[in-house]
Trainee: 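One structure is given below, represented as structure tokens, and several questions about it will come after.
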Amino acid sequence: MADQQQSFRAPRGVADILPDDQTLWRAVKSTAILTARQFGYRQIDTPVFEHTSLFRRGVGDETDIVQKEMYSFDDLGGESLTLRPEGTAPVCRSYIEHGMHNLPQPVRLYYIAPMFRYDRPQAGRYRQHHQFGCEAIGDPSPTIDAEIIEIGLHYIKNLGLSDVTVRINSIGDSDTRHTYADELRNHYTRYANDLPKVDRDRLDRAPLRLLDSKEPATQKLSAEAPKSLDYLSSEARVHWESLLEILDSLKTAYPKFSYRIDHTLVRGLDYYNRTVFEFEPSTEGSQTSLFGGGRYDPLIGILGGNPTPGVGFGSGIERIILEIQRQESLNVEDPPLNAVMVHVGETATKRASSLAAELRNHGVSVLLAPSGKSMRAQMRYANRANANYAIILGNREIEQNAAAIKPLQFDGDQDMVTLDAHKIANHIAPAD
RNA sequence: GUGGGCGUAGUGUAGCGGUUAACACGUCAGGUUGUGGCCCUGAAGAUCGAGGGUUCGACUCCCUCCGUCCACCCCA
């Protein structure tokens, strides 16, 4: 308010992750990392921006992401760059660029990274959001499709989330998908008069989308619509059926796990083929997809690499956090600091700084109470600081060459300890 | 891009056509001699989202804009 001119706020659809939020964020991220590692995935970070053409080609020129959601800009050299809207295309670019086909296949990679989409913000949807993603590149077998789904089960379980529904489908390979799309178009065109306007509009552009329309009239028609599973090539069918078998066999390790084959499940990115899946909570809501992905065998070829199969998923951290809060499934607290240094008087203040520095060298975490304030004020500060002990330095202590050490988190006596970092460190954080 | 709800101190809320715009939490300072948590006292902090109208008078009514939330679209 001191500034009469203007006050800034974060741009639309982006958010600060404040210290209070970080506790949960850290817990979720470390769960993600532990999960990925448990499956042998290794971390990869790709740049926040890429050549615009990477997404135009990889994600698909006709997709909504490319058509209307990209943060694209020309840099000072006239290069068109784009803030990454999704993680798979960049990882595949990196795979090709660094010749990862020379590594043992499949190459298993994970990332936790911000994504950017120019979208209208709403619950669980932001212009910058963060995704935990895994990609397994170089293995055509359904085993690896199942592995990717299993990572999701493991992740969700470790976060304490329950009531999560897994939906899967196979959309076939690109050739059969085209004939399927035509069949679908024919089906809906027959009832074009019954279609709501939104759906009539996208009938040509994206017939698959009508399958998961929210319009009751369309839903009625979708029940009778041809299913992609009936159009699979024999190879795709074998792949699909053995995937289901493997998923069934996962039930010994995950007794509560069940999946639903959902022929209305389609995905909006062009590179997907065969397996597609989505995890969502059973609770009502709108932007609820917690985890989604599928197989993208055509992608590496599209991006100029040797044709190489891949599967992967992305999972929105913000949505996971919303769901954790809804289900109250995870209770995390930051560990307390070891000590707060309370110091009154010039000499004491000086000594407090040097003592704190020495203590930190002993691995102790120390916070200085604000200088020049009364002891009461500093003790009040110490109380809010979430620390185990107050180390009190005043004239008396300096005279006695000692520090008063008072427990803050439990009732106990205040001790006088010789003013020596090693002794004090031992007192407040004894080495086990 | 389309539709709906909402916009009062840092946060959460109250309020009414005329009030010094209230309360809680938080912040800061105190509560005699250097020691937190509870309690008590006091202070700072809001041009009541912005602009325009209606009115003698608007935080309160109307319009526009902006922001925000929710929904569609799409997705994580």
Side-chain angles (χ1 to χ4, degrees), chain A residues 1-2 4 6-13 15 18 20 59 63-69 84-88 112-133 152 196-199 201-202 205-206 208-210 212-215 265-269 276 278-280 284-293 312-323 340 342-345 348 369-370 373-387 389-399 404-411 413-414:
Chain A
M1 282 292 123
Q4 302 272 341
Q6 190 186 21
S7 63
F8 286 104
R9 40 187 350 159
R12 174 156 232 216
L18 299 172
D20 280 347
V59 177
T63 60
D64 278 24
I65 288 182
V66 170
Q67 295 259 306
K68 46 183 204 191
E69 295 176 4
R84 135 185 88 207
E86 61 95 45
T88 302
I112 296 173
M115 305 292 162
F116 305 85
R117 289 182 203 170
Y118 185 82
D119 232 353
R120 194 82 177 257
Q122 66 184 77
R125 199 173 74 188
Y126 309 94
R127 290 184 171 179
Q128 182 190 80
H129 76 280
H130 297 74
Q131 278 186 33
F132 162 46
K197 189 178 178 310
V198 260
D199 285 330
D201 287 348
R202 55 183 176 180
R205 189 167 47 88
L208 300 198
R209 290 254 80 100
L210 299 215
D212 59 352
S213 171
K214 301 253 160 75
E215 298 290 336
L265 176 61
V266 293
R267 310 227 93 222
L269 290 78
V276 293
E278 205 161 284
F279 288 34
E280 62 181 22
E284 292 293 311
S286 187
Q287 305 299 326
T288 51
S289 175
L290 295 174
F291 184 100
F313 72 83
S315 175
I317 299 202
E318 284 83 352
R319 285 189 190 172
I320 289 282
I321 284 177
L322 282 176
E323 193 55 26
V340 177
V342 172
H343 47 92
V344 177
K373 299 211 181 191
S374 70
M375 182 160 290
R376 181 208 280 275
Q378 293 195 44
M379 285 303 291
R380 282 184 170 157
Y381 182 86
N383 182 52
R384 300 247 158 72
N386 187 29
Y389 291 94
I391 300 174
I392 303 167
L393 247 47
N395 292 332
R396 275 187 227 146
E397 285 75 17
I398 295 292
E399 274 168 32
I405 295 183
K406 177 170 188 171
L408 294 174
Q409 305 283 14
F410 56 92
D411 291 324
D413 290 331
Q414 177 170 316

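Worth saying up front: this structure is predicted, and the values here are computed from it rather than measured. Labels below follow one simple rule: chain letters A, B, ... track the order of the sequence lines, proteins then strands, and each chain is numbered from 1. Basis for what follows: all heavy atoms, side chains included, without hydrogens, waters or symmetry-related copies.
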Trainee: Hey, what do you get for CZ (A:Arg127) to CZ (A:Arg120), rounding to the nearest 0.5 Å?
Mentor: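 Going from the CZ atom of A:Arg127 to the CZ atom of A:Arg120 covers 8.5 Å.
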
Trainee: Is a donor-acceptor contact shorter than 3.5 angstrom present between the side chain of A:Arg9 and the base of B:rC66?
Mentor: no

Trainee: Please give the distance between the P atoms of B:rU55 and B:rC69 as a whole number of Å.
Mentor: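 Nearest-Å result for B:rU55 against B:rC69 at atom P: 37 Å.
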
Trainee: Using a 4.0 Å heavy-atom cut-off, does A:Leu290 contact any base of the nucleic acid, only the sugar-phosphate backbone, or nothing at all?
Mentor: sugar-phosphate

Trainee: Please confirm whether the shortest side-chain N or O distance from A:Gln131 to OP1 or OP2 of B:rA76 is below 4.0 Å.
Mentor: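 Answer no for this pair, as no side-chain N or O of A:Gln131 is under 4.0 Å from OP1 or OP2.
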
Trainee: When you check the phosphate oxygens OP1 and OP2 of B:rA76, does a side-chain N or O of A:Arg267 lie under 4.0 Å from one of them?
Mentor: yes

Trainee: Examine B:rC74: is either OP1 or OP2 under 4.0 Å from a nitrogen or oxygen in the side chain of A:Arg125? Give yes or no.
Mentor: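 No, outside the criterion.
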
Trainee: Respond yes when some side-chain nitrogen or oxygen of A:Lys373 is under 4.0 Å from OP1 or OP2 of B:rA29, and no when none is.
Mentor: yes

Trainee: Should the ring pair A:Phe291 and A:Phe279 be called parallel, tilted or perpendicular, given that the plane angle runs from 0 to 90° and is split at 30 and 60?
Mentor: tilted

Trainee: Heavy atoms only, 4.0 Å cut-off, all strands: where does A:Tyr126 land among base, sugar-phosphate and nothing?
Mentor: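 The answer is base, as A:Tyr126 lies within the cut-off (heavy atoms under 4.0 Å) of a base atom.
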
Trainee: I want to verify a distance call: between B:rC73, B:rG1, B:rA29, whose nearest atom is closest to the A:Arg120 side chain?
Mentor: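 Nearest listed nucleotide: B:rG1.
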
Trainee: Base contacts versus sugar-phosphate-only contacts with protein, heavy atoms under 4.0 Å: please encode nucleotides 32-42 of chain B as B, S and - from 5' to 3'.
Mentor: --BBBB-B---

Trainee: For RNA chain B, write out the stems as range with range, using runs of 3 or more consecutive Watson-Crick or G-U pairs with both distances under 3.5 Å.
Mentor: B:1-7 with B:66-72, B:10-13 with B:22-25, B:27-31 with B:39-43, B:49-53 with B:61-65

